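Taking it in order: structure first as structure tokens, then the write-up.
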Amino acid sequence: MHYPAKPYLCGVMSEKKVRVRFAPSPTGGLHLGGVRTVLFNYLFAKKHGGDFILRIEDTDQSRYVAGAEQYILECLNWCSLKPDESPVVGGPYAPYRQSERKPLYREYAERLIAQGHAYYAFDTPEELDLKRKDIANFQYGHAHRMSMRNSLSLPMHEVEQLLHNGTPHVIRIKMPDDETISFNDMIRGYVSFETAQVDDKVILKADGMPTYHLAVVVDDYLMKITHAFRGEEWLPSAPVHLLLWEYLGWKDEMPQWAHLPLILKPDGHGKLSKRDGARLGFPVYAMSWTDPKTGEITQGFRELGFLPEAFVNLLAMLGWNDGTDQEIFTLDELVEKFSIDRISKAGAKFDFEKAKWYNAEWIKNSSADQLKLKVAEVLHGKGITIINEDYLIKIIDTVKDRCVLLADFYQQAGYFFKMPVDYDINAVKPKWTLSKTEFFTELKNALSYSETFEPNDLEARFKALAEEKSLKLGEVMLPFRIMLVGGKFGPHVFDIASLLGEAETLRRIDKALEVFTA
RNA sequence: GGCCCGUUCGUCUAGGGGUUAGGACGUUAGAUUUUCAUUCUAGAAACAGGGGUUCGAUUCCCCUACGGGCUACCA
């Protein structure tokens, strides 16, 4: 059986309004690959004037984690990828939590049984384990289903008795013995499978909840999803979904599938996981996540000091490009330029160095005004309270080119608000001389004999005094910097002095002199 | 093991039957900056292998190798 590709009309999308969904399972922090899936969903929807829906796939009650759903919502909000319909904003196809749609699924599963496309199975987990141990490569499928305890193998009266007694059971799809199922993936093109290789997946669990397989089909249908994006790890179960769409009689309304390439570990191989972040020293989650049970905190991109614009930008470039050399994109530009046929097929190893480069670019290209709130927050976290916004703006403008992460603003701007406590004493002390003490003592007068406190003026006075004292500029510039900043970094030293102002500059010279000559 | 997907510099990728195989990150060297960073210039660095098809394959086809995914009453 072949499911032909519907014509994929890029930008035309005449017949139906585009509707896509992101359907995470609320089991913990949101992985960067998850955010990329959201992003591609969102970009595709917005590009085609469609809707982006958030649906919570919480069908596994044993894996439910408190707070995870709220966390996901916050992530989307932080990235500005706001759903048009979701458990919180609601929508015409509510509820958007599968746990709240539970009663709905059984009916469809029963319908499949009535049609002979599914069956009850009474095997206990223990029995299944045993079989798997007994028979190498055991698959619950055409080869073994008749030797299991289910409504296909058992006499009808026995099945009725078991059901009547409320015996725990699941419902499994009955895969055809020997068919070829194929479809046209928007990213991969023609893909095909032999049904004989696929097992009879459980579609309704003993607790009455559907598994992903049933839930995704029923909800995508009911929610009128037109295009389904998901990670490549779902490709092997696609034939189950395809068959379900057909058996339920909805084949003509099946969404077009797009299986996204995976994001891989930077070293070695395999899917990128939370553990890799901890091991290699970079975040994997969008935002910090605290495990409610263990209290363990996993740091996220947001808390490490990434701008959401940069995060979205770098994620978009992991597996997609617009065909030009452009690498920095705003969300709006991405929406405008996004196209599925420019998504690559191969998985991408995550490169944290490049990720940081994106953030540095975004910081450099942002205005001080755009950054001020975030920088103020960073400084505030270090005990610095901003009282003069104009001052902060000027400082951001002079230091933002040297910051890669927002947190760097503390190192790069903190000394504008706080006199240095620790000095890079080794850079000055060994070469300190009495004439330097003299120089700086007199420098205070030299600098204060002026109505202005402009960099050029300060520099001229500084140089004149150095010459007068027969000191090489290099001998006193660095000490001056360390007096004001504490270390060997920062913008031009006279810019710093100018920004600091006369009183503060003189104060720092005094204080540092004490330390240097002690 | 079986099935499915994939393979261009270290990494992300552009390209596509005839190209000096392009860009970016990182890296190396130099310039600028009397700190550091930014910036600028230059350099090293890739079509997995073997068969076809073809006048010609990195590009199309097949095989192999390698990598990845799946193989739960998890998603």
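All chains are named by letter (A, B, ...) in the order of the sequence lines, taking the proteins before the strands, and each is independently numbered beginning at 1. Note that the coordinates shown come from a computational prediction; the quantities given were computed from them, not determined experimentally.
Side-chain atoms of A:Ser62 and A:Asp60 include a donor-acceptor pair closer than 3.5 Å. If you check the side chains of A:Asn321 and A:Arg342, you find a donor sitting under 3.5 Å from an acceptor.
Evaluation of atom-type donor-acceptor distances gives no pair under 3.5 Å for the side chain of A:Arg402 against the base of B:U38. In the interface, the side chain of A:Lys201 is not paired with the base of B:A72 through any donor and acceptor atom under 3.5 Å apart.
Nearest-nucleotide positions on RNA chain B for A:Lys364 and A:Asp325 put A:Asp325 closer to the 5' end. Heavy-atom nearest nucleotides on RNA chain B were determined for A:Asp351 and for A:Gly474, and the one closer to the 5' end corresponds to A:Asp351.
In this structure, A:Glu467 does not pair ionically with A:Lys463, as no charged nitrogen and carboxylate oxygen lie closer than 4.0 Å. Taking a cutoff of 4.0 Å between a charged side-chain nitrogen and a carboxylate oxygen, A:Glu127 and A:Lys131 do not qualify as a salt bridge.
Comparing B:C25, B:U13, B:G6 by their nearest atom to the side chain of A:Trp357 picks out B:C25. Closest approach to the A:Asn321 side chain among B:C12, B:A14, B:U35 is made by B:A14 (side chain taken as heavy atoms from C-beta onward). Of the candidates B:A24, B:G68, B:G15, the closest approach to any side-chain atom of A:Arg342 belongs to B:G15. Counting only heavy atoms from C-beta on, A:Gln139 has its side chain closest to B:U71 among B:C73, B:U71, B:C12.
Distance check on atom C1': B:G26 versus B:A45 gives 11 Å, rounded to whole Å.
When both pairing distances are held under 3.5 Å, B:U27 makes a Watson-Crick or G-U pair with B:G43. Across all strands shown, nothing is found opposite B:A57 as a Watson-Crick or G-U wobble partner with both distances under 3.5 Å. Remark: B:A65 base-pairs with B:U7; criterion is Watson-Crick or G-U wobble with both hydrogen-bond distances under 3.5 Å.
Atom CH2 of residue A:Trp320 and atom CD1 of residue A:Ile187 lie 13.0 Å apart, to the nearest 0.5 angstrom.
For the pair A:Lys354 and B:C12, the criterion of a side-chain N or O lying under 4.0 Å from OP1 or OP2 is not met. The shortest distance between the side-chain N/O atoms of A:Thr59 and the OP1/OP2 oxygens of B:A75 is below 4.0 Å. When the side-chain nitrogen and oxygen atoms of A:Lys345 are compared with OP1 and OP2 of B:G68, none of them lie within a distance under 4.0 Å. Contact between the side-chain N/O atoms of A:Lys356 and the OP1/OP2 oxygens of B:A37 is not found at any separation under 4.0 Å.
In this structure, NZ of A:Lys271 is placed 4 Å from P of B:C70, rounded to the nearest angstrom. B:G67 atom C1' lies 12 Å from atom CG of A:Leu262, rounded to whole Å.
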